[in-house]
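As the structure is a computational prediction, the values presented were derived from the model and not from experiment. Counting starts at 1 for both ligands and their atoms, following the listed order.
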Amino acid sequence: MKVASIVGARPNFIKLSPVSRELRKKMDEIIIHTGQHYDYEMNKIFFDELGIPTPDFHLEVGSGFHGYQTGEMLKRIEKILIKEKPDVVLVFGDTNTTLAGAIAAAKLSLKVAHVEAGLRSFDRKMPEEVNRILVDHCSSLLFCPTETAELNLKKEGIIENVYLTGDVMVDAQRTCMIIAQDRSKIMDELSLMPKSYYLATVHRASNTDDPDNLRSIALALSKIGNVIFPCHPRAEKRLKELELWDILNKNTRVIKPVGYLDMLILEKNALKIITDSGGVQKEAYLLGVPCITLREETEWIETVQDGWNVLVGANEEMITRMARVFVPPGRYKNVFGLGDASQKIVKLIERII
Ligand code: UD1
Ligand code: UDP
């Protein structure tokens, strides 16, 4: 059996890593990289550190408006799929790469398998929400990380070939944490003591592209102080345009985006995490680190229900207050699986396709 995995952005690479390892034990895999992310710290570092095989095709699409970017990907992916004729096309998460891969395959009547199906924030202004809905509705196999995701699909009438597998990011985190503890030098490089700093990430369009929101987040982070901020290029660009870069740098340690191994170590040792990332909210939960989320809603609702994550939007006062006072309860539920999601996914592909 031949599988085409389509990736292009940072979270796609992390999700691909455990799945690809399992796939290659039993099937032929080709990897198609759209080029959505291209800086070394947003792209190649993940292939190098996580041992993901070099992509067979690199489409070099790069950045652009949604329509342009998705359209360019669609055209270029289609050409490859026609030539390669895979039995199934695997897409991951909710990026424009995920959408382009799913549409290109579905239009060629190829089977689409969606890893991380059924997630919903119920905010259609969020580009990722549009991607999720469209991808789920043209997928033939839907692998859900949580029961909530399965239920979301049911409410939209998607009930066939839906499987609760657990989350592949649990698989990635478990494997990589062992390696990270051995290899990462980030705590020494930044002279950090465990539980002595906040870790922040910001890249969501609703925050970076809204000047008021970005300003209030930047002011909150600089008030909190003692923040390590691996800065996404999108946020860097906007912070500089709004002349917030210098203000933020005075009281916050803004660094380049880090590789996954360093990120896991920074997350594990943080006092609290402040983020608008989907993946980082979940990782905080899995590592038992309190999370303050810079959004009004989340698709990882279990982390909030369980008391480990608090939604504060871009409200400066709420962010600074929660950084001081937020203490989750001691309990912890395992809702994202046992670290065997990739194995389950590969077995299901083998059985069904
Ligand atoms: C994308 C995903 C988002 C995901 C995020 C992970 C979509 C719609 N969004 O958002 O779901 O959470 O990736 O990080 O697919 N840029 C660089 N270098 C790079 C990549 C991007 O400078 O290597 C800059 C460019 O100015 C670009 C901007 O970042 O225009 C945004 O990049 P893009 O991939 O369009 O969206 P992200 O915000 O990264
Ligand atoms: N991540 C990383 N380095 C960073 C920031 C994030 O390795 O500097 C990892 C993070 O640990 C998580 C993934 O990237 O596994 C999340 O991706 P991102 O926040 O870019 O996207 P989202 O999950 O919001 O789609």
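Listed by atom number, the atoms of ligand 1 under 4.0 Å from K237 heavy atoms are 26 (O). Taking a cut-off of under 4.0 Å to the non-hydrogen atoms of N96, the atoms of ligand 1 that pass are 7 (C), 8 (C), 15 (O).
Scanning the protein for heavy atoms near atom 22 (O) of ligand 1, the closest one is P233 CB, 3.2 Å. When hydrogens are left out, the protein atom nearest atom 20 (C) of ligand 1 is H37 CD2, 3.4 Å; that is the closest non-hydrogen contact. For atom 12 (O) of ligand 1, the closest non-hydrogen atom on the protein side is H203 NE2, 2.7 Å. For atom 1 (C) of ligand 1, the nearest non-hydrogen atom of the protein is Q36 NE2, 3.7 Å. Scanning all protein heavy atoms for the shortest distance to atom 17 (C) of ligand 1 gives Y38 OH, 3.3 Å. Remark: minimum distance from atom 11 (O) of ligand 1 to any protein heavy atom is reached at E128 OE2, 2.6 Å. Among protein heavy atoms, the minimum distance from atom 27 (C) of ligand 1 is reached at S63 OG, 3.3 Å. In this structure, atom 6 (C) of ligand 1 lies nearest to the protein heavy atom P11 CD, 3.4 Å.
Summarising the local packing, NZ of K2 is surrounded by more than 12 heavy atoms from other residues, nucleotides or ligands at distances under 6.0 Å. For E189, the CD atom counts as densely surrounded, since its 6.0 Å shell holds more than 12 non-hydrogen atoms of other residues, nucleotides or ligands.
Note: H114 and F92 fail the aromatic proximity criterion, with ring centroids not under 6.0 Å apart.
Proximity annotation for atom 35 (O) of ligand 1: of M42, H232, Q69, Q69 comes nearest, heavy atoms only.
Not one N or O of N131 is nearer than 3.5 Å to an N or O of ligand 1, by distance alone. For ligand 1, none of its N or O atoms has an N or O atom of T95 under 3.5 Å away. Looking at ligand 1, you won't find any N or O of H66 less than 3.5 Å from one of its N or O atoms. Checked by distance only, ligand 1 and T97 stay at 3.5 Å or farther apart across all their nitrogen or oxygen atoms.
Using modelled atom types, one side-chain atom of E129 and one backbone atom of S121 make a donor-acceptor pair closer than 3.5 Å. Side-chain atoms of H232 never come within 3.5 Å of backbone atoms of H203 as a donor-acceptor pair (strictly under, hydrogens ignored).
The aromatic rings of F336 and Y285 sit perpendicular, their planes meeting at an angle over 60°, well past the 30° parallel limit. Ring planes of F13 and F46: tilted class, angle from 30 to 60°.
Within the structure, ligand 1 has R204 among the residues with a heavy atom less than 4.0 angstrom away.
Between E128 and R124 there is no salt bridge, since none of the side-chain N atoms of the basic residue sits less than 4.0 Å from a carboxylate O of the acidic one.
For the side chain to side chain donor-acceptor pair (under 3.5 Å) with T208, the qualifying choice from E236, K237, R234 is R234, the only one to do so. Of the residues N226, L294, I274, the one that meets the side-chain contact (heavy atoms from CB on, under 4.5 Å) test with L221 is I274.
A heavy-atom distance below 4.5 Å is not found between the side chains of E116 and R132. In this structure, T148 and N152 have side chains that are in contact, with non-hydrogen atoms separated by less than 4.5 Å.
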Stepwise side-chain hydrogen bond (donor to acceptor under 3.5 Å, both in side chains) test for D262 and S184: CA-CA 6 Å; D262 284 345; S184 171; 2.6 Å; yes
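For R234, heavy-atom contacts with ligand 1 shorter than 4.0 Å involve the backbone as well as the side chain.
Residues lining ligand 2 at a heavy-atom distance below 4.0 Å are given as R10, P11, I14, F46, M169, H203, R204, P230, P257, V258, G259, Y260, M263, E267, S277, G278, G279, V280, E283, ordered by chain and residue number.
Under the 4.5 Å side-chain heavy-atom criterion for grouping Ile, Leu, Val, Met, Phe, Trp and Tyr, L134 is not connected to M126 through any hydrophobic cluster.
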